[in-house]
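Each remark here refers to the structure printed beneath this line.
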2 protein chains.
Amino acid sequence: MTSDVPKPGQPVRGSKTGKPIMALFDLLGRSWALGILWQLSEGALTFRALQDRCEQLSPSVLNRRLKELSASGLVCRGDEGYELTAMGQDLFSLLQPFGGWSEQWAEALGAPDGGD
Amino acid sequence: MTSDVPKPGQPVRGSKTGKPIMALFDLLGRSWALGILWQLSEGALTFRALQDRCEQLSPSVLNRRLKELSASGLVCRGDEGYELTAMGQDLFSLLQPFGGWSEQWAEALGAPDGGD
DNA sequence: ATTATCGCTACCTAATTAGTAGCAACTCTC
DNA sequence: GAGAGTTGCTACTAATTAGGTAGCGATAAT
């Protein structure tokens, strides 16, 4: 294992080609990675605040995800705690539409609304 | 087992609230889920063809993902094999921009281009 | 009948995630 | 400046998921 942070241009978990899109999918396809970006989109959060927002996500996993996301240039530490980098915000702007979509999806599946 | 397919409105892996967005992130945040949607966006593929596109992904994992994605209404079986449902295509349209973004990201990280 | 492909299950090992405890550093109060 | 509280994090273990391989039953062509 060269590195366990998926980087474009390198083989990643499940992908030997290193195609950027596959590296990105690997990075985002890890538990809570998308959730963390989602939570940070509203502003900086301390480690423990982030843990609370992510339903008491264990510190070991949170720390791993934060290291990966930092190494990938999506998250960094500021005065207020962890926050999205410019690139992270840019990625979030692509992610944002998923919020509304997921609600349509919920209705289509006939699932009760979980609230916000 | 109630169900290990994350459905909006129900608690999912790591999320007890069942918020649609969290259920969606759980579903998509499993290995190869995003990759499978990506591959199917170009048209229907048989089980084994899909396996090839996903770099010989093991049948056990592929089958698990396909069941989850089917149960979530994103994928179904047609004459030609597995394909995206209308809802799956709709989701893909949100996913598509990630392709271009990942290439910018690759450059920003100074990674060599993985081709394609 | 034989061979080949296809979709998939069974089984096992490796890796990842989840959960809990607690420490070192820092701040605040007194 | 001792004690209490908070923060960021590491260490360790248990549970869950992913990955890999073998191969079966079904269908189709030879």
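Here is how names work: the chains are called A, B, and so on, in the same order as the sequence lines, proteins then strands, and each is numbered from 1. The analysis underlying the following values was restricted to heavy atoms, covering all of them including side chains, and did not include hydrogens, waters or symmetry mates.
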Could you identify which residues of residues 37-44 of chain A place a heavy atom less than 4.0 Å from some atom of DNA chain C, listed by residue number, or say none? none

Contacts table for residues 35-43 of chain A: side-chain donor-acceptor under 3.5 angstrom, sequence neighbours left out:
from, atom 1, to, atom 2, distance (Å)
A:Gln39, OE1, A:Arg53, NH1, 3.3
A:Ser41, OG, A:Trp38, O, 2.6

To the nearest Å, give me how far apart CG (B:Asp26) and C1' (C:dT17) are. 12 Å

Produce the list of close N/O pairs, under 3.5 Å, pairing protein atoms with atoms of nucleotides 28-30 of chain D; give distances to one decimal.
none

note: B:Arg65, atom CZ; D:dG20, atom P; distance rounded to Å ~ 14 Å

Within the structure provided, determine whether A:Ser60 and A:Arg64 are in side-chain contact (heavy-atom separation under 4.5 Å). yes

Distance, rounded to the nearest Å, where A:Ile36 contributes CD1 and C:dA18 contributes C1': 14 Å

Provide, to the nearest angstrom, the distance between the CG atom belonging to B:Asp79 and the P atom belonging to C:dG7. 13 Å

What residues, two or more places apart in sequence or in another chain, satisfy side chain to side chain contact (heavy atoms under 4.5 Å, CB included) together with A:Asn63? A:Phe47, A:Lys67

A side-chain contact here means heavy atoms from C-beta on lying under 4.5 Å apart; do A:Leu95 and B:Leu94 qualify? no

Under 4.5 Å between any side-chain heavy atoms of B:Tyr82 and B:Thr46, yes or no? no

Take atom CG of A:Leu34 and atom C1' of C:dT17, then tell me their distance rounded to the nearest Å. 16 Å

Can you check whether A:Leu66 reaches A:Leu50 side chain to side chain, under 4.5 Å on heavy atoms? yes

Residues that B:Glu83 engages under salt bridge (charged side-chain N to carboxylate O under 4.0 Å, His left out), provided they are two or more places apart: none

Spacing between B:Leu62 atom CG and D:dG19 atom C1', to the nearest angstrom: 12 Å

B:Arg30/B:Asp26 ion pair, N-O < 4.0 Å: yes

Measure the distance from CZ on A:Arg30 to C1' on C:dA15 and round it to the nearest whole Å. 11 Å

Going 5' to 3' through nucleotides 5-10 of chain D, assign each nucleotide B (protein heavy atom under 4.0 Å from a base atom), S (under 4.0 Å only from sugar-phosphate atoms) or - (no protein heavy atom that close). --BBBB

C:dA18 OP1/OP2 closer than 4.0 Å to side-chain N/O of A:Ser31: yes

Just so I know, are the side chains of A:Leu91 and A:Leu28 near enough to count as touching, which here means a heavy-atom distance under 4.5 Å? yes

Please report the shortest heavy-atom distance between A:Gly81 and A:Ala44, naming the atom on each side. N-CB, 4.4 Å

For A:Leu57 and C:dG19, what is the distance between atoms CG and P respectively, to the nearest whole Å? 9 Å

Side chains of B:Trp32 and B:Leu62: does their closest heavy-atom pair fall under 4.5 Å? no

